[in-house]
Amino acid sequence: HIIVSPTDKNSIIFGGIGISRTTDGGLTWSQITNQTGLPIVHVDQRQLAIVGNTIWFANDGGVYKTDDFGNSFSNLIGDLQVTEILDVSSSLTDTLHLRIGAPHGSCMQMLDSTWTSAGVGDGVNVTNNPADPEEFFFKNQYGYTHYIQNGDSSLPMGNGITESTYSFFPYYPLVFNTQNPSSNYILIENVWKSEDGGANYIKLSNFLQSESRGGLLLVHAADSNYLYTSKMKSSDGGVTWAPLTQVLDYINKITIDPND
């Protein structure tokens, strides 16, 4: 999106992920937001409009404006509710620990009735450790990060995984084994398992393209030998897999009988 100054045809503002400006007809450009010493404006500009000397910006975070052709900006979000939630995870042991994954909001967590932020990037998936409310895994568009101490520190994770988890959508869930919280599983193109808290993973499946993904992974709470994706199931901990049903389309929700 571009806006040309009504008084100077060589002065142009471009809105993309960030906001840039040229004063020489496009020969050179400068970033005018979100760098050291520059105004902060939410990324991903969706629409620009000019009325008089005011330029309006509609982006994924709300509405902003500039009255001086980009030297300064006003945040007009106010109490506009624009947070999009893709995932939510609550603690099994502490009801005051709640976390959400939100695009352009990263990971947001409620700790003792107060909301704070953790992580960076676009929030996609978030999973709390069922045994420790201060430990969680958060995925942005690039991949997962293992956080402890309510996000104050992070641990290395993901060694051994050879498949990309790049996505702005919650296609790659991480699920804990509730019987053994040191063990968790990630569905990417295949199912991956960690036995050491997420530091290292091994691959449990070799799905065909038609059998993989779908964004759904479940581990039975009483017997972790039973694993389910949107198209496949295993009853031996991932050693062998079989089609979940004869239905060709993906299943988007599964509920497992806790006793069977």
Side-chain angles (χ1 to χ4, degrees), residues 1-88 99-110 114-126 136-147 150-154 158 164-172:
H1 305 279
I2 64 171
I3 291 290
V4 180
S5 168
T7 59
D8 180 4
K9 66 180 181 181
N10 289 314
S11 294
I12 305 168
I13 281 183
F14 169 78
I17 296 177
I19 302 173
S20 301
R21 179 177 60 196
T22 179
T23 57
D24 56 15
L27 294 177
T28 59
W29 292 85
S30 298
Q31 184 81 14
I32 59 174
T33 60
N34 301 344
Q35 293 185 355
T36 302
L38 296 178
I40 301 299
V41 175
H42 205 285
V43 296
D44 291 342
Q45 313 309 310
R46 302 299 182 180
Q47 186 65 51
L48 276 62
I50 186 168
V51 180
N53 293 321
T54 300
I55 302 175
W56 301 79
F57 299 80
N59 55 45
D60 284 0
V63 179
Y64 294 74
K65 73 172 184 175
T66 176
D67 297 316
D68 52 16
F69 212 72
N71 292 320
S72 62
F73 289 81
S74 298
N75 182 341
L76 305 178
I77 296 174
D79 59 358
L80 185 64
Q81 303 300 309
V82 295
T83 300
E84 177 187 7
I85 299 173
L86 290 185
D87 198 13
V88 59
R99 296 183 175 91
I100 62 173
H104 306 285
S106 194
C107 175
M108 303 172 67
Q109 54 182 350
M110 185 182 73
T114 300
W115 285 96
T116 62
S117 296
V120 296
D122 288 87
V124 183
N125 296 89
V126 60
F136 63 99
F137 288 81
F138 165 67
K139 183 188 178 301
N140 63 19
Q141 66 268 40
Y142 300 108
Y144 275 99
T145 302
H146 182 187
Y147 288 102
N150 290 326
D152 291 338
S153 302
S154 61
S164 172
T165 58
Y166 182 86
S167 177
F168 288 88
F169 301 97
Y171 291 147
Y172 308 119

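Residue numbers count from 1 along this sequence. Because the structure is predicted, anything quoted here is derived from the model rather than measured.
Atom-to-atom distance recorded for Ser11:OG and Ile3:CD1 is 13.0 Å, nearest 0.5 angstrom. The structure places CD of Gln45 at 6.5 Å from CZ of Phe57, a figure rounded to the nearest 0.5 Å. Atom CD of residue Gln141 and atom CZ of residue Phe168 lie 4.5 Å apart, to the nearest 0.5 angstrom. Ser30 contributes atom OG, which lies 14.0 Å from atom CZ of Phe14 (distance to the nearest 0.5 angstrom). Remark: Arg99 CZ to Tyr147 OH distance equals 11.0 Å, nearest 0.5 Å. Note: Tyr64 OH to Asn75 CG = 4.0 Å, rounded to the nearest 0.5 Å.
For Ile32, the side-chain contact (heavy atoms from CB on, under 4.5 Å) partners at least two apart in sequence or on another chain are Ile13, Ile19, Arg21, Phe73. Ile40 pairs by the side-chain contact (heavy atoms from CB on, under 4.5 Å) definition with Asn34, not counting sequence neighbours. Scanning for side-chain hydrogen bond (donor to acceptor under 3.5 Å, both in side chains) contacts around Ser72 gives Asp68, with sequence neighbours left out. Considering only residues two or more places apart in sequence or on other chains, Ser20 meets the side-chain contact (heavy atoms from CB on, under 4.5 Å) condition with Trp29, Gln31. Among residues two or more places apart in sequence or in another chain, the side-chain contact (heavy atoms from CB on, under 4.5 Å) test is passed with Asp44 by Ile17, Arg46, Asp60, His104. Checked against side-chain hydrogen bond (donor to acceptor under 3.5 Å, both in side chains), Asn53 has no partners two or more places apart in sequence or in another chain. Residues satisfying the side-chain hydrogen bond (donor to acceptor under 3.5 Å, both in side chains) test with Asp67, not counting sequence neighbours, are Thr54. Remark: Glu84 pairs with no residue by the side-chain hydrogen bond (donor to acceptor under 3.5 Å, both in side chains) rule, at least two apart or across chains.
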Notebook entry, point to check: Taking it one step at a time, do Ser5 and Phe69 satisfy side chain to side chain contact (heavy atoms under 4.5 Å, CB included)?
Noted result: CA-CA 8 Å; Ser5 168; Phe69 212 72; 3.7 Å; yes
Next item on the list: Kindly indicate, with the supporting measurements, whether the criterion side chain to side chain contact (heavy atoms under 4.5 Å, CB included) is fulfilled by Trp56 and Leu48.
Entry: CA-CA 6 Å; Trp56 301 79; Leu48 276 62; over 6 Å; no
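For the pair Thr145/Phe137, no side-chain contact is recorded, criterion being any heavy-atom separation below 4.5 Å from C-beta on.
Between Tyr166 and the options Tyr144, Tyr171, Tyr172, Tyr142, a ring-ring contact (aromatic ring centres under 6.0 Å, His included) holds for only Tyr142. Screening Asp122, Ile85, Val124, Asn140 for a side chain to side chain contact (heavy atoms under 4.5 Å, CB included) involving Pro103 leaves a single residue, Asp122.
The backbone N or O of Val43 lies less than 3.5 Å from no partner atom in the side chain of Asn59, so there is not a single donor-acceptor pair. Ser106 places no side-chain N or O within donor-acceptor distance of the main-chain N or O of Gly123, the cut-off being under 3.5 Å. Looking at Lys139, its side chain does come within 3.5 Å of a backbone N or O of Thr165 through a donor-acceptor pair.
For the pair Ala118 and Gln109, the tightest heavy-atom approach, listed with the atom from each and the gap, is CB-NE2, 3.7 Å. Between Pro170 and Leu86, the shortest heavy-atom distance links the atoms CD-CD1, 4.0 Å.
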